[in-house]
Colleague: 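Got a structure for you, written out below as structure tokens; questions coming shortly.
Ligands are counted one by one from 1 in listed order, and the atoms in each one are counted from 1 as well. Just so it is clear, the model here is predicted, and its values are computed rather than measured.
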Amino acid sequence: MGIRENKHKESSKKVKVSSSNDVKSLAEKIKQKALENMKQKALETDENDNGDEKDSLKENQETENEKVDNEKHITSFQDLDLVPELQATIKQLNFTKPTEIQAKSIPAALKGNDIIGIAQTGSGKTAAFAIPVLNQLWYDKLHNYCLVLVPTRELALQIQKTFDALGLEMGLKTCCIVGGMNMLEQSRELMKKPHVIIATPGRLMDHLENTKGFNLKNLKFLIMDEADRLLDLEFGPAIDKILKILPIADDTNGRRNFLFSATLTEKLNKLTKVALRNPILIKCNENNKTVETLVQSLIVVPGGLKNTILVYLLSEHLNKSVIIFTRTKSNCERLNVLLNMLDFRSCALHGDLSQQQRNGALDLFKANKRNLLIATDVAARGLDIPFVDMVINYDIPIDSKSYIHRVGRTARAGRSGKSISLVSQYDLELILRIEQVLGLKLQKDEINKPLVLQLRDNVERCNSEVIMEMNRKSKEKKNNKKRGKRVSRDDMDKGEK
Ligand SMILES: Nc1ncnc2c1ncn2[C@@H]1O[C@H](COP(=O)(O)OP(=O)(O)OP(=O)(O)O)[C@@H](O)[C@H]1O
């Protein structure tokens, strides 16, 4: 019996709970305590990533960036020494000119350098790492040649599509190795000797340990997209095991490494485990900054009006394509049921759904069969859905990085976009922190109070019905669990509450 259970026993002895009101207030206290702990952790993370650590890569950045900047500035993909098959697919994708991160990082990568790339959300980082890999693959023609590690399943599937599109004229074989999908089918795909493997760490580890004949001895490129997220604690054990198995990155023709993100820390202590070789740090904007085409605002939400204000906002932006982020899976599920009850076209995306349900929700949203996607942070990073008009933070994220990635789902590739954050009395400290990291003040939107008050009774009545229905379902689920339903390591998405 662990210490945690004894502590639990002590606390239940101390607090004598006599009435249902006491239960409610105790539950509220526990929730607030958990939120405070998460905020504290987020503040430490922010401080650590934005502190001035002496051994950061800054020195390297000035020299290398100067070197990169002094290069003849690439203004067209024709300026790059790429094989014709790649030039052809770049043209088919209507990539008329390289984005800034591509113009700076591709020449450096073609020269054989390791790359640390920091650029805003929606700025083309995927093609920035895929193009140099595919160009070199054309000459090397090896299987299990490139491994792309990403933190979420949906991002892995999306990056596979980008590689497939760019590699169309090269006979490229890719394989996506993520949790929640059939292990046996994936083993069969791996036996077909793909050139590029896109994977989430947990499931990749499962295959490295259990799939006969699968290894990464040939690996020439390791890519970590959303690298700062992959280097977070939750992924630590799997990432460490994978890095130990990979061929070492030595100065001969060893493994090359590309790390990309919009919020990448430059702290050596986090990056050294990747064994980068004199990486070139390419920063296309100050770290942790959002794009200029994004209009960001907040609404201060009086107690008990958050659901109503959300409904009011969605009514004001009817038929707009909107992603609504929640902090927890239960809020995600509850809002989805509530909004459908109020005749909105929404779907939910979170880690408790099967991978099939998650892919289905994303497909419905991408096909605009649902114009509202309600999601936890499993959808915060990397997802590239070109026409998202607006992002709403129903719950404020507990750290500024999550905020940057969430609002980065709109205003992509130079398009404009809008984000609105619903700020309750508990969130003021978080919002101040986010404004400090962004270096800007979020404008405050006013609401039509009489209209909101008109909506409130109906919204809250529906919400109570939804909560009762969800409580019934969760009791059912608990009974299922008692009958032995096991959740495996890769069934859970990291960082979801
Ligand atoms: N050179 C280009 N010209 C036009 N569009 C491009 C170019 N490069 C990429 N794109 C498009 O820009 C969009 C965003 O690209 P991508 O998803 O790679 O951005 P990102 O920087 O990885 O974003 P995030 O930080 O959110 O992961 C995609 O739709 C992609 O097809």
Colleague: What do we get for D384 next to ligand 1 when only non-hydrogen atoms under 4.0 Å count, side chain, backbone, both or neither?
Modeller: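 It is the side chain that touches ligand 1; the backbone stays farther off.
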
Colleague: Ligand 1 and R415, any nitrogen or oxygen pair closer than 3.5 angstrom?
Modeller: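 N/O-N/O distance below 3.5 Å does not exist for this pair.
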
Colleague: Using a strict threshold of under 4.0 Å (side-chain N to carboxylate O), is an ion pair present between R412 and D384?
Modeller: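 Here D384 pairs with R412 in a salt bridge, since their nearest N and O are under 4.0 Å apart.
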
Colleague: Has N182 got more than 12 heavy atoms of other residues, nucleotides or ligands less than 6.0 Å from its CG?
Modeller: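 More than 12 within 6.0 Å, yes.
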
Colleague: Evaluate whether atom NZ of K244 has more than 12 neighbouring non-hydrogen atoms of other residues, nucleotides or ligands under 6.0 angstrom away.
Modeller: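 Not more than 12 within 6.0 Å, no.
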
Colleague: Going through the checks in order, is the salt bridge (Lys or Arg N to Asp or Glu O under 4.0 Å) test met by D140 and K220?
Modeller: CA-CA 10 Å; D140 295 348; K220 283 282 174 286; over 6 Å; no

Colleague: For ligand 1, find out whether one of its N or O atoms is nearer than 3.5 Å to an N or O atom of R409.
Modeller: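 Yes.
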
Colleague: Who's the nearest protein heavy-atom neighbour of atom 12 (O) of ligand 1, and how far?
Modeller: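 Scanning the protein heavy atoms, the shortest distance from atom 12 (O) of ligand 1 goes to A413 CB, 3.5 Å.
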
Colleague: Please work out which of the three classes, parallel, tilted or perpendicular, describes the rings of F129 and F163, given edges at 30° and 60°.
Modeller: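 Tilted, since the angle between the ring planes falls between 30° and 60°.
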
Colleague: Going by distance only, is there an N or O of S123 that falls short of 3.5 Å from an N or O of ligand 1?
Modeller: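 Yes, at least one N or O pair falls under 3.5 Å.
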
Colleague: Cation-pi between K306 and Y394: NZ/CZ under 6.0 Å from ring centre and within 45° of the ring axis?
Modeller: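 Checked: cation-pi criterion met.
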
Colleague: Tell me whether Q356 at atom CD has more than 12 heavy atoms from other residues, nucleotides or ligands lying less than 6.0 Å away.
Modeller: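 At most 12 heavy atoms, drawn from other residues, nucleotides or ligands, come within 6.0 Å of this atom.
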
Colleague: Tell me which protein heavy atom sits closest to atom 8 (N) of ligand 1, plus the residue, atom name and distance to 0.1 Å.
Modeller: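 Nearest neighbour among protein heavy atoms for atom 8 (N) of ligand 1, to 0.1 Å: Q102 NE2, 2.9 Å.
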
Colleague: Got an N/O contact under 3.5 Å between G122 and ligand 1?
Modeller: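 Yes: some nitrogen or oxygen of G122 is under 3.5 Å from one in ligand 1.
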
Colleague: Any donor-acceptor pair under 3.5 Å linking the side chain of E435 with the backbone of L432?
Modeller: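 No: the side chain of E435 does not pair with the backbone of L432.
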
Colleague: Out of F95, F77, F260, who is nearest to atom 9 (C) of ligand 1 when you count heavy atoms only?
Modeller: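 The option holding the nearest heavy atom is F95.
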
Colleague: Which of the numbered atoms in ligand 1 are under 4.0 angstrom from any heavy atom belonging to Q120?
Modeller: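 Going through ligand 1 atom by atom, the ones under 4.0 Å from Q120 are 21 (O).
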
Colleague: So for ligand 1, is K97 a polar contact partner (N or O within less than 3.5 Å, distance only)?
Modeller: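 Yes; at least one N/O pair falls below 3.5 Å.
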
Colleague: Any atoms of ligand 1 less than 4.0 Å from a non-hydrogen atom of R412? List them with their elements.
Modeller: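 That gives atoms 14 (C), 16 (P), 17 (O), 19 (O), 20 (P), 23 (O), 24 (P), 26 (O) of ligand 1.
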
Colleague: To which protein heavy atom is atom 25 (O) of ligand 1 closest, and what is the distance rounded to 0.1 Å?
Modeller: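 Here the closest protein heavy atom is K125 NZ, 2.7 Å.
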
Colleague: Would you check whether P386 has a nitrogen or oxygen atom less than 3.5 angstrom from a nitrogen or oxygen atom of ligand 1?
Modeller: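 It does not: no N or O of P386 is found under 3.5 Å from an N or O of ligand 1.
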
Colleague: Need the ligand 1 atom indices (1-based, order shown) with element for anything under 4.0 Å from a heavy-atom of T126.
Modeller: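 Near T126, meaning under 4.0 Å from one of its heavy atoms, ligand 1 has 16 (P), 17 (O), 18 (O), 22 (O).
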
Colleague: Please report the closest heavy-atom contact between I115 and A108, naming both atoms and the distance.
Modeller: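 Closest approach of I115 to A108: CD1-CB, 3.6 Å.
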
Colleague: Could you tell me the separation between the CG atom of D377 and the CD1 atom of I398, rounded to the nearest 0.5 Å?
Modeller: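 It is 8.5 Å, given to the nearest 0.5 Å.
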
Colleague: Does only the side chain of E226 get under 4.0 Å from ligand 1, or the backbone, or both, or neither? Count heavy atoms.
Modeller: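 The answer is the side chain of E226.
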
